[in-house]
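Sequence positions, counted from 1, serve as the residue numbers for this chain.
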Amino acid sequence: MPFPSDAPTFVPRRGFLDYLHSYVSHFRINPRCNTAVESAYRDEESGKWHIKAKKADLNVHEEYVAKFLVVATGENSKGFIPEVSGLDSFGGEFFHSSKYENGQKYKGKAVLVVGCGNSGMEIAYDLSNWGVRTSIVARSPVHVLTTNIVYIGMRLLSYGVPCNIVDFIVVLLSRLKHGDISNYGFPRPTRGPFYIKQSVGRTPTIDVGAVEKIRRKEVQVFPSIRGIQGSKIEFANGEVEQFDAIIFATGYKSTVRHWLKVLHLLFLRRR
Ligand SMILES: NC(=O)C1=CN([C@@H]2O[C@H](COP(=O)(O)OP(=O)(O)OC[C@H]3O[C@@H](n4cnc5c(N)ncnc54)[C@H](OP(=O)(O)O)[C@@H]3O)[C@@H](O)[C@H]2O)C=CC1
Ligand SMILES: O=C(O)C(=O)Cc1c[nH]c2ccccc12
């Protein structure tokens, strides 16, 4: 179902919500909100799926029986915090990016954001706007694009332009827009952004203003964390800094293995 013809190129939150509502009424979908699936298995005799779910707000359990089950839960389910040597000794608070609301209570404090994917870069930008002394850990090379550059790349792909040429153009545009960001601690990956998206599914970082803040040294960039001792964090380049809080924008793990009771069989069959 297409967006309305007067929709802007980048649909804002309200417009997207309206789109979802009209999608639901157009296809007469019956969404079950606030419901978490806890297990699903296929009964071999009846050939039907039995899905156990829990309604979060009412704390009641439900069972659905269906001929088909579509699993579209994606990769981004449960916040992932990596093991970091000495994290248990850290004096300040630390939490996953999914718990982030805004930077109000960190005004004037020093906060470290770990990870420079889309969550990390957006949170670093927001913290800095709240007057927080913000730093970000960039562990490995990353592509930093803009919404417009991604849009151009997608249009070119849709016209049939080969991926390697699209990547060449997109990287060139990004270089014109941001300059050589490897000077700021962000080396570029050797493969192009759309190649990476298509081969391993990893999305490039889409800048919302963090790059400019990094360029102006309002946000500091560090390499990976070597270890933590109290409020002191040591980085791979030997630098040591004090922080009041750490936000782990280190991605998500899929939880499908825990509730979809046949996944191992599906994997075995595919091999
Ligand atoms: N506005 C939007 O459209 C937004 C979209 N998203 C999307 O949501 C999905 C999840 O994004 P996000 O939450 O950013 O997670 P991602 O998985 O995309 O990024 C995680 C980041 O954390 C880094 N990282 C992981 N472990 C460590 C570690 N031990 N030390 C240092 N760095 C580490 C990764 O680096 P490395 O490469 O080294 O592993 C990577 O930079 C993505 O598809 C993203 O595009 C998210 C936010 C906003
Ligand atoms: O699916 C994602 O993770 C997105 O953020 C959207 C997206 C899909 N394909 C892309 C290619 C380049 C940049 C963003 C996307």
Side-chain angles (χ1 to χ4, degrees), residues 1-42 47-80 96-102 117-119 121-123 126 145-161 163 166 170 193-194 196-208 249 251-263 266:
M1 190 175 114
F3 276 95
S5 53
D6 59 349
T9 307
F10 304 112
V11 177
R13 179 170 56 177
R14 186 70 240 174
F16 188 58
L17 202 58
D18 292 343
Y19 173 80
L20 291 181
H21 285 311
S22 49
Y23 194 96
V24 162
S25 52
H26 181 266
F27 291 107
R28 302 204 188 112
I29 296 166
N30 184 11
R32 306 286 169 149
C33 295
N34 287 317
T35 303
V37 171
E38 294 185 319
S39 72
Y41 73 93
R42 192 166 167 271
K48 292 209 164 135
W49 287 94
H50 290 251
I51 301 116
K52 289 204 172 82
K54 187 178 162 204
K55 284 201 81 92
D57 41 358
L58 300 171
N59 208 11
V60 292
H61 291 263
E62 295 178 322
E63 184 167 323
Y64 296 88
V65 181
K67 188 158 182 209
F68 298 105
L69 173 70
V70 177
V71 178
T73 46
E75 296 293 308
N76 300 323
S77 272
K78 195 176 183 317
F80 159 74
H96 187 258
S97 57
S98 52
K99 304 276 187 304
Y100 179 79
E101 288 179 4
N102 64 54
N118 277 306
S119 300
M121 289 285 268
E122 287 192 6
I123 289 172
D126 190 62
L145 310 177
T146 65
T147 45
N148 283 313
I149 295 173
V150 170
Y151 178 72
I152 291 168
M154 285 182 170
R155 286 305 283 258
L156 291 172
L157 282 178
S158 75
Y159 297 146
V161 179
C163 184
V166 174
V170 157
F194 282 88
I196 294 174
K197 180 76 195 165
Q198 286 175 4
S199 57
V200 295
R202 201 161 167 189
T203 313
T205 298
I206 299 169
D207 181 54
V208 291
Y252 293 81
K253 285 235 179 307
S254 168
T255 55
V256 73
R257 277 158 209 283
H258 303 308
W259 60 266
L260 187 59
K261 301 301 180 193
V262 294
L263 200 63
L266 293 177

message = Once rounded to the nearest 0.5 Å, what's the spacing between atom CD1 of I206 and atom CE of M121?
response = 11.5 Å

task = With the side chain counted from C-beta on, respond yes when T73 and W259 share a heavy-atom pair under 4.5 Å apart, and no when they do not.
result = yes

task = Measure up the Y19 and Y23 rings against each other and bin them: parallel (under 30°), tilted (30 to 60°), perpendicular (over 60°).
result = tilted

message = Can you tell me how far apart CZ (R42) and CD1 (I51) are? Round to the nearest 0.5 Å.
response = 11.5 Å

query = If you take all heavy atoms of T35 and A53, which pair is closest and at what distance?
reply = CG2-CB, 3.6 Å

query = For L69 and A40, which heavy atoms make the closest approach, and how far apart are they?
reply = CD2-CB, 4.0 Å

query = Measuring from L156:CG to F194:CZ, what's the distance to the nearest 0.5 Å?
reply = 8.5 Å

message = Any heavy-atom pair between the side chains of S119 and Y100 that's under 4.5 Å?
response = no

note = Note: S97 and I123 closest approach over all heavy atoms is CB-CD1, 3.5 Å

message = Considering only residues two or more places apart or on different chains, which pairs with a residue in residues 15-38 satisfy salt bridge (charged side-chain N to carboxylate O under 4.0 Å, His left out)?
response = R14-D18

For the student: nearest non-hydrogen atoms of P193 and V170, plus distance = CG-CG1, 3.7 Å

key: Proximity of H50 and Y64 rings by center, below 6.0 Å   = no

request  = Would you name the heavy atoms of A7 and V11 that are closest together and state the gap between them?
outcome  = CB-CG2, 4.5 Å

request  = Mark yes or no for whether H96, through its side chain, and G251, through its backbone, hold a donor-acceptor pair below 3.5 Å.
outcome  = yes

inquiry  = Working to the nearest 0.5 angstrom, can you tell me the gap between K261 NZ and W49 CH2?
reply    = 11.5 Å

N59 side chain near K54 side chain, heavy-atom distance below 4.5 Å = yes

key: Polar side chain donor-acceptor pair, T203 to K197, under 3.5 angstrom   = yes

ask   = Got a sec: does the OH of Y41 have more than 12 other heavy atoms crowding it under 6.0 Å?
value = yes

key: Pairs flagged by side chain to side chain donor-acceptor pair (under 3.5 Å) wherever residues 148-161 is involved - sequence neighbours left out   = Y151-R155, R155-Y159

task = Spell out, as yes or no, whether a donor-acceptor pair under 3.5 Å connects the side chain of T255 to the backbone of H258.
result = no

message = A side-chain contact here means heavy atoms from C-beta on lying under 4.5 Å apart; do V256 and S77 qualify?
response = no

request  = Return the minimal non-hydrogen interatomic distance between N118 and P204, and the atom names on each side.
outcome  = ND2-O, 3.2 Å

task = Would you check, one step at a time, whether the test side chain to side chain contact (heavy atoms under 4.5 Å, CB included) holds for L145 with T205?
result = CA-CA 6 Å; L145 310 177; T205 298; over 6 Å; no

ask   = Rounded to the nearest 0.5 Å, how far apart are OG of S98 and NZ of K78?
value = 9.0 Å

query = If you measure from CD1 on I196 to CZ on R202, what distance do you get to the nearest 0.5 Å?
reply = 8.0 Å

ask   = Taking the six-membered ring of F80 as reference, does the NZ or CZ atom of K253 fall below 6.0 Å from its centre and within a 45° cone about the axis?
value = yes

message = Within the supplied structure, the quantity of interest is the number of heavy atoms (other residues, nucleotides, ligands) at a distance under 6.0 Å from E101 CD; does it exceed 12?
response = no

